[in-house]
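Only one structure is covered here, and it is reproduced in the block below.
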Protein chains: 2
Amino acid sequence: MKNVFTFVHMFTLAEENYMKAIFHLEHESADEVSTNAIAESMATKPSSVTDMIQKLAEKKLVVYKRYKGAKLTEKGKKIAANVIRKHRLWEVFLVEKLNFHWDEVHEIAEQLEHIQSEELITRLDKFLGSPDFDPHGDPIPDKHGVLKRTEKKLLSEIEKNQKGVCVGVKESSPDFLQYLDKKKISIGTKITVLGKEFFDGSMIIQVGNEQFFISHKIAENLYVQTL
Amino acid sequence: MKNVFTFVHMFTLAEENYMKAIFHLEHESADEVSTNAIAESMATKPSSVTDMIQKLAEKKLVVYKRYKGAKLTEKGKKIAANVIRKHRLWEVFLVEKLNFHWDEVHEIAEQLEHIQSEELITRLDKFLGSPDFDPHGDPIPDKHGVLKRTEKKLLSEIEKNQKGVCVGVKESSPDFLQYLDKKKISIGTKITVLGKEFFDGSMIIQVGNEQFFISHKIAENLYVQTL
DNA sequence: GTTATTTTTTAGTCTTGGCTAAAAATAAAA
DNA sequence: TTTTATTTTTAGCCAAGACTAAAAAATAAC
Ligand SMILES: [Mn+2]
Ligand SMILES: [Mn+2]
Ligand SMILES: [Mn+2]
Ligand SMILES: [Mn+2]
């Protein structure tokens with residue numbers, strides 16, 4: 001296909017998605033990311049991943065050694081962070097301005113994150129009041145690609161009788177988010193751990209006036225800041 | 001490339017751009033659109049156009065007879081109109097909400113028009129107050145792809161001593177729009193034709209308190225409604 | 001320290017959407 | 001009505017980015 005956009009730095013949709021996936025994987029495990037891990041996270045085949053990381057290596061966007069996995073260069077990291085910045089800013093737009101619900105915005109942001117225009121993002125950011133977090137509590141990288149990480153814990157990591165305020169979700173699938181809605185949990189909600197079962201990690205928690213049971217699966221996907 | 005979006009009706013970026021180009025060409029000349037005309041309007045080669053219109057014909061989006069040109073089917077027309085609807089709604093967003101100038105929005109809208117989400121456009125339209133026209137005075141098709149055409153004339157067509165209000169531009173290149181800015185002409189501006197030269201079609205017009213000369217090239221790219 | 005399993009890479013194909021060069025059809029001139 | 005010019009199509013090629021199947025390397029098990 002013909003290159004429709006004429007910008008200085010231009011990466012294809014595929015390239016951007018690979019860099020983004022590697023970025024996320026680097027931050028949730030070792031910094032050498034395996035071919036298989038990338039393939040799984042992108043729902044594609046390892047052979048396709050090998051192809052692409054070799055191309056990205058040519059362009060100095062990742063460092064790659066055969067059989068050793070990939071790792072973003074500074075340049076690659078910046079590009080990835082910028083795509084994530086765009087994704088999260090658009091999510092804020094969709095929720096704050098268009099009144100989408102937080103479980104509906106991800107797919108649309110997956111598309112919007114590839115729109116190429118510095119100026120657009122500068123203005124969108126200002127329009128939104130330069131938000132620091134997206135609707136799922138994820139931090140928005142600044143224009144230099146710097147992502148400040150806050151000290152947050154998984155709900156599953158906090159102890160009995162401790163209190164926390166929900167600051168984000170690890171998973172943001174519609175199913176999970178809708179579960180949280182049902183339980184009246186959203187960003188900013190105060191949660192108290194009333195009981196914790198060692199065997200399966202399940203908990204009894206208090207949210208507002210309600211007390212109820214949650215599984216470990218839930219607790220390990222909710223970020224809180226302890227109070 | 002892999003199909004990232006999973007919608008019912010999905011057309012590629014290239015397909016959408018071809019349908020849009022054919023739509024525009026149908027409305028500015030005969031309804032059989034020539035291969036060369038499409039090629040020129042898309043800055044591509046006639047052989048590429050032939051390829052694509054054959055594919056579009058397979059999918060019943062255009063009717064095509066060898067050496068006879070292409071013509072959108074009802075389905076193709078609807079799809080094209082919807083892309084144009086999206087383009088123009090996004091242009092309104094960029095100008096009204098992000099304070100872009102009217103000469104800066106076209107390229108960005110060329111990208112945004114391909115974002116796939118019915119719901120997004122429904123909400124964007126509502127957010128913008130369901131505008132009828134884009135920043136260049138072009139009508140925005142409704143959600144059924146119906147485009148109501150207003151009775152507007154080119155400034156070049158109106159007579160000496162007639163008055164008109166500017167309702168749109170035919171060209172919307174940055175150069176032309178910046179010329180209009182310099183002359184303080186925008187949508188809604190009242191223009192009086194004080195003189196008209198038959199030889200070259202140039203005019204003397206009045207805009208506010210200023211009187212000045214404009215060439216035929218300018219006059220045939222400005223739409224007005226006579227008062 | 002071999003053997004077996006898993007992971008990763010290579011080789012070869014496919015589709016989309018471009019391109020050029022040549023052939024065929026149509027339109028214009030003579 | 002021929003000849004010439006223009007338009008359109010076909011044929012063949014290329015790059016991106018996917019895939020499958022097979023080979024090679026790295027790990028894990030024995
Ligand atoms: Mn998201
Ligand atoms: Mn998010
Ligand atoms: Mn436009
Ligand atoms: Mn416009």
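Letters A, B, ... are given to chains in the order of the sequence lines, protein chains preceding strands, and every chain is numbered from 1.
A sub-4.0 Å separation between OP1 or OP2 of C/dA21 and a side-chain N or O of B/Ser47 is absent. For D/dG17, one of the phosphate oxygens OP1 or OP2 lies less than 4.0 angstrom from a side-chain nitrogen or oxygen of A/Thr12. For B/Asn36 and D/dT6, the shortest distance from a side-chain N or O to OP1 or OP2 is not below 4.0 Å. Phosphate proximity of C/dG18 to B/Tyr18: present, with a side-chain N or O under 4.0 Å from OP1 or OP2.
A cation-pi arrangement is absent between B/Lys78 and B/Phe23 under the rule of less than 6.0 angstrom and at most 45 degrees off the ring axis. Geometric assessment of A/Lys97 against the ring of B/Phe93 yields a negative cation-pi assignment under the 6.0 Å and 45° thresholds.
Atom pair A/Met52:CE and D/dA16:C1' shows a separation of 8 Å (rounding to whole Å applied). Between A/Glu40 atom CD and C/dT7 atom P there is a gap of 10 Å when expressed in whole angstrom units. In this structure, the CG atom of B/Asn17 is 17 Å from the P atom of C/dT16, given to the nearest Å. The distance from atom CD of B/Glu16 to atom C1' of C/dT16 is 15 Å, rounded to the nearest whole Å. The nearest whole Å value for the distance from the CD atom in B/Gln54 to the P atom in D/dT8 is 13 Å. Atom C1' of nucleotide D/dT10 and atom CD1 of B/Ile53 are separated by 13 Å, given to the nearest angstrom. Rounded to whole Å, the distance from CG on B/Leu13 to P on D/dG17 is 14 Å. Nucleotide D/dG17 holds its C1' atom 15 Å from the NE2 atom of A/His114, rounded to whole Å.
Applying the salt bridge (charged side-chain N to carboxylate O under 4.0 Å, His left out) rule to B/Glu119 yields the partners B/Arg123; only residues at least two apart in sequence or on another chain are considered.
With DNA chain D read from its 5' end, the first of the two nearest nucleotides for A/Lys55 and B/Ser48 is the one closest to B/Ser48.
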### Stepwise side-chain hydrogen bond (donor to acceptor under 3.5 Å, both in side chains) test for B/His101 and B/Asp103
CA-CA 5 Å; B/His101 198 262; B/Asp103 67 339; 2.9 Å; yes

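Listed nucleotides D/dA18, C/dG18, C/dT9 differ in distance to B/Thr44; the shortest reach to its side chain belongs to C/dG18. Listed nucleotides: D/dC19, C/dC19, D/dT8. Nearest to the side chain of A/Lys45: D/dC19. Distance from the side chain of B/Asp51 is smallest for C/dC19 among the nucleotides C/dC19, D/dT9, D/dA18.
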Collect all protein-nucleotide pairs involving nucleotides 23-29 of chain C in which both atoms are nitrogen or oxygen and the distance is under 3.5 Å.
unit_1	atom_1	unit_2	atom_2	d
C/dA25	O4'	B/Tyr67	OH	3.3

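Side chain of B/His136 to backbone of B/Trp102: a donor-acceptor contact under 3.5 angstrom is found.
Here B/Lys153 does not pair with B/Glu159 in a salt bridge; the nearest charged N to carboxylate O distance is not below 4.0 Å.
In this structure, B/Glu171 and B/Val169 have side chains that are not in contact, with every pair of non-hydrogen atoms separated by 4.5 Å or more.
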